[in-house]
Amino acid sequence: MSPLERAAHAFKWQVDHQRRVAVVCDAVTDYLANKTGGPDERDADICGGVVLFLAAYIRHGADVAAEDAAHADGTTLQRGGAA
């Protein structure tokens, strides 16, 4: 695989990753907007769990993007963004 093909594959993965994040955010928004009587305490717990999941999922995407960028320019990068 050429460097250009590798970069295109990496960008496609990142786009798919961000679309999944947007779908989860849309689902939570729709859920809360369509609650009869408005959100309650349980909803806060559910949303808190979703936010924790999204934070980890977004962090993973950022780590993969950083690794792809480091690989593209020939440097090494450790998980978590430290060079």
Side-chain angles (χ1 to χ4, degrees):
M1 185 181 287
S2 75
L4 185 56
E5 290 169 328
R6 232 183 343 261
H9 177 76
F11 285 139
K12 182 183 179 311
W13 185 91
Q14 292 168 26
V15 167
D16 290 344
H17 192 270
Q18 293 307 313
R19 283 188 178 134
R20 289 183 192 109
V21 170
V23 166
V24 172
C25 291
D26 288 344
V28 170
T29 301
D30 289 344
Y31 171 77
L32 292 174
N34 293 315
K35 286 286 291 190
T36 303
D40 58 25
E41 291 176 19
R42 251 183 74 220
D43 296 324
D45 292 338
I46 291 169
C47 291
V50 171
V51 168
L52 288 174
F53 164 77
L54 285 176
Y57 194 74
I58 291 168
R59 189 175 302 111
H60 170 70
D63 288 346
V64 170
E67 289 172 4
D68 289 342
H71 182 73
D73 72 4
T75 61
T76 56
L77 186 69
Q78 299 170 348
R79 278 276 183 206

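Predicted model only: the values in this text are computed from it and were never measured. The figures here come from the full heavy-atom set of this structure, side chains too, leaving out hydrogens, waters and symmetry mates.
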Go through the structure and list residues passing ring-ring contact (aromatic ring centres under 6.0 Å, His included) with Tyr57, not counting sequence neighbours.
His17, Phe53
Sequence neighbours left out, cut at 3.5 Å: what donor-acceptor pairs do the side chains of residues 18-28 make with other protein atoms?
none

Can you list the steps and then say if Arg6 with Asp68 is a side chain to side chain contact (heavy atoms under 4.5 Å, CB included)?
CA-CA 9 Å; Arg6 232 183 343 261; Asp68 289 342; over 6 Å; no
Looking at CG of Leu54 and SG of Cys47, how far apart are the two atoms once the value is rounded to the nearest 0.5 Å?
10.5 Å
Taking only residues two or more places apart in sequence or in another chain, which ones pass side-chain contact (heavy atoms from CB on, under 4.5 Å) with Asp40?
Lys35, Arg42, Asp43
Tell me, please, which residues at least two apart from Glu41 pass side-chain contact (heavy atoms from CB on, under 4.5 Å).
none
Same cluster or not: Val50 versus Leu32, using hydrophobic residues (I, L, V, M, F, W, Y) connected whenever any side-chain heavy atoms lie under 4.5 Å apart?
yes
Do the charged groups of Lys12 and Asp16 touch, with an N to O distance under 4.0 Å?
yes
Give me each pair satisfying ring pair (Phe, Tyr, Trp, His ring centres under 6.0 Å) with a member in residues 29-51, each pair once, sequence neighbours excluded.
none
